[in-house]
Protein chains: 2
Amino acid sequence: MRATIKDVAKAAGVSPSTVSFIINNKPVPISKDTREKVMRAVEELHYRPNQLAVGLVTNTTNTIGLILPDSTNPFFATLSNQIEIKLRQKNINVIIGNTSGNAKITREYLRIFSDRCVDGIILAQLDFEDEEETAKCQKLIHSIDIPIIYVDRVADERNHYSVEVDQKLIGYLATNHLLDLGHTRIGCASGSINLNVNSSRYEGYRTALKERKLTPDPNLLFCDSLSIECGIKALPDLLGQNVTAIFAFNDMIAYGIYKECRNYNLSIPGDLSVIGVDNIVLSDIIQPPLTTVAQPVTQIADYVVKGMLDLMKIPNIEFEHVKLNPILKVRASTMQAV
Amino acid sequence: MRATIKDVAKAAGVSPSTVSFIINNKPVPISKDTREKVMRAVEELHYRPNQLAVGLVTNTTNTIGLILPDSTNPFFATLSNQIEIKLRQKNINVIIGNTSGNAKITREYLRIFSDRCVDGIILAQLDFEDEEETAKCQKLIHSIDIPIIYVDRVADERNHYSVEVDQKLIGYLATNHLLDLGHTRIGCASGSINLNVNSSRYEGYRTALKERKLTPDPNLLFCDSLSIECGIKALPDLLGQNVTAIFAFNDMIAYGIYKECRNYNLSIPGDLSVIGVDNIVLSDIIQPPLTTVAQPVTQIADYVVKGMLDLMKIPNIEFEHVKLNPILKVRASTMQAV
DNA sequence: TTGGTTTATTAAAACGTTTTAATGATTTTG
DNA sequence: CAAAATCATTAAAACGTTTTAATAAACCAA
């Protein structure tokens, strides 16, 4: 049986209050003698406060909830890992909820985390196929009154603290790189275009084309999901449109294209240039190494954690909207158009 | 402000007990009328029970803690993802602790999870460099009296429920495959040999060699960590020993070897056969597709979840020790020795 | 000495639930 | 019709903490 504060109190011959004051270092005068007695009892009984009880009375749990689409995706895996490590140093624990990008599950986790009295929530996607669903989530977020930070996949709203990467710029950088290499028919392999991430990247793509007086061809946009399968499906479709390069909206999609290129006996970048987004660890290892637009994960995590700590201190602090810049990593999957 | 059970009781004109009985479907007679009044009040106030309070009195939190070395590693990412999804269906949440394979952090998480009254702990590594540290962990586990399941990286002990993959068989299968192809000087790129996973795999390797009357050469064992870096370091070392094939103790190590082979202008499998362990998603996409020994992640997760649910129902149920078989996936990174 | 501080400690309320035992009201039974 | 049984509801204790206000003892100044 776990020792309680009463057990400690009894063992030390003092009251529970005294024990509480001592273990929490409250600014209350305590005689040297009792302090020692209590500390000894704590040691001997291996006493540790029950965090449920502590949470109930203090109304803080030193826990934050992290809601993300898929921790299997290396980008989110790294992000959540970094967040966890940084928060642990502040004695804050992380509960994770994977939503598969599903609005219902997102709401479920919002409620669950709220029921558990987390001190804050980090939300990595609030933006769904169905606008109505998105609205429901927003409403819920508003009603559960917990500090919240949006990260990475940010909806268009200014009522929350947010940390994001400039998604348009991602599209712009990727497309510009391909244009610089002389490509003009550039396919896009995207996730659902109803999602902000994707539409923003696509917008960046269009901007880059227009700057060079090129007209974006809507047939060059293939939409599915941000996964390997998308790449596999996109390749034949886009080849049919005679593209010489593909802008994959993330590295996973690019991997799918790599895989399918083998079936078509196409060489990258000889027959097709490919550029991705995220700069997953393996993109440097895959053959040929993948040119990609990196999102500064560590920096994101830094800002998110900093923001969360601020928000926990001063709940109605003025919201910041951090926007970070992506970085183009040129490797060997893109080359001059012939 | 969140509504409490008292608020609901007041709104419905009944006592808190009545509300509690109703929302928890207790086998207590309740008039149709009050039931309706209460349900209406619950709806209107958006009442949801505070889980801290519930946990405090019921002594269950519907939470389990998952302790693993590194959720960034795709194998563990998939494992934890699967576990989370399956447990969510039983209304159980998962708290994750990443330890980086560090015994101190492991103990810290054990204590934290215990403080939070998790209903069970799934522990994916209990086996460290330093035996003393391992012992300390064991002792701690014993003292916090919470259902626990060991998974994947299991220490040599029979006092706990465990789910693991036959690690010796992994080594044996990998080595046998290379031997079948005519390789005889086979290097090993391993994580620390003091860890059970690695020593077992190495033992399987030795067994396979001996079965063919070959003497294992200790110089062919390179030890570092189960990461890309290990592969990068291992390659020059093992090439110095004139190996024709390398058994990488996981796929990440194999990726490191792939990467480094480019610097040495070596072709896989032409100049060097490589086999990995884990069958990470990307191993099928990397060029050449990696031959590897797969661990049945989904099955592991199934057994772990099943075991945990059993254990939560009957804490002193007889311990099971599930041992699953690995599966050899032959792809294109291994070929006949010349 | 008296009364005011300071020092050290504690009793008791509070946090939001569940659960046991008690209480009334109603119905059934003999 | 009284006693017993059933039905519907509630009061109060409990879970393990923190925190406020109260108490008691020791010290000090006038």
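In what follows, chains are A, B, ... by sequence order, proteins preceding strands, each numbered from 1. Only this structure's heavy atoms are used, side chains among them; waters, hydrogens and symmetry mates stay out.
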Qualifying residue for side-chain contact (heavy atoms from CB on, under 4.5 Å) with B:Leu123, from B:Val151, B:Asp152, B:Ile141, B:Thr99 =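 Answer after filtering B:Val151, B:Asp152, B:Ile141, B:Thr99: B:Ile141.
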Taking only side-chain nitrogens and oxygens of [X], does any of them come within less than 4.0 Å of OP1 or OP2 of [N]?
{"X": "A:Asn50", "N": "D:dC15", "result": "no"}
{"X": "A:Ser17", "N": "C:dA12", "result": "no"}
{"X": "A:Ser31", "N": "C:dT9", "result": "yes"}
{"X": "A:Lys26", "N": "D:dT19", "result": "yes"}

Under 4.0 Å between any heavy atoms, over every strand shown, what does [X] touch: base, sugar-phosphate, or nothing? Just pick one.
{"X": "A:Pro29", "result": "base"}
{"X": "A:Ser20", "result": "base"}
{"X": "B:Val28", "result": "base"}
{"X": "A:Asn59", "result": "nothing"}
{"X": "A:Arg48", "result": "sugar-phosphate"}

Atom-to-atom span, [atom1] of [X] to [atom2] of [N] - whole angstrom:
{"X": "B:Lys37", "N": "D:dA8", "atom1": "NZ", "atom2": "P", "result": "13 Å"}
{"X": "A:Asp7", "N": "D:dT17", "atom1": "CG", "atom2": "C1'", "result": "13 Å"}
{"X": "A:Asp115", "N": "C:dG16", "atom1": "CG", "atom2": "P", "result": "14 Å"}
{"X": "A:Arg2", "N": "D:dT17", "atom1": "CZ", "atom2": "P", "result": "7 Å"}
{"X": "B:Ile22", "N": "D:dT10", "atom1": "CD1", "atom2": "P", "result": "10 Å"}
{"X": "B:Leu52", "N": "C:dG16", "atom1": "CG", "atom2": "P", "result": "10 Å"}
{"X": "B:Arg116", "N": "D:dT17", "atom1": "CZ", "atom2": "P", "result": "14 Å"}
{"X": "A:Lys10", "N": "D:dG16", "atom1": "NZ", "atom2": "P", "result": "12 Å"}

With the side chain of [X] defined as its heavy atoms from C-beta on, choose the nearest nucleotide among [options].
{"X": "B:Val57", "options": "C:dT17, D:dT9, D:dT17", "answer": "C:dT17"}
{"X": "B:Phe21", "options": "C:dT9, C:dT20, C:dG16", "answer": "C:dT20"}
{"X": "B:Thr18", "options": "D:dT17, D:dT10, C:dT18", "answer": "D:dT10"}
{"X": "A:Thr4", "options": "D:dT17, D:dA12, C:dT17", "answer": "D:dT17"}
{"X": "B:Ala53", "options": "D:dC7, C:dA8, C:dG16", "answer": "C:dG16"}
{"X": "A:Ile5", "options": "D:dT10, D:dT20, D:dT17", "answer": "D:dT17"}
{"X": "B:Lys6", "options": "C:dT10, C:dT19, C:dT17", "answer": "C:dT17"}

Do the side-chain N and O atoms of [X] and [Y] include a donor-acceptor pair separated by under 3.5 angstrom?
{"X": "A:Ser17", "Y": "A:Ser20", "value": "no"}
{"X": "B:Asn93", "Y": "A:Arg116", "value": "yes"}
{"X": "B:Asn98", "Y": "B:Ser71", "value": "yes"}

query = Can you check side-chain hydrogen bond (donor to acceptor under 3.5 Å, both in side chains) on B:Glu129 and B:Asn194, steps first, answer last?
reply = CA-CA 6 Å; B:Glu129 286 292 328; B:Asn194 294 328; 3.0 Å; yes
task = Check for a donor-acceptor pair, side chain of A:Asp7 on one end and backbone N or O of A:Thr4 on the other, with a separation under 3.5 Å.
result =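 Here the side-chain-to-backbone pair exists.
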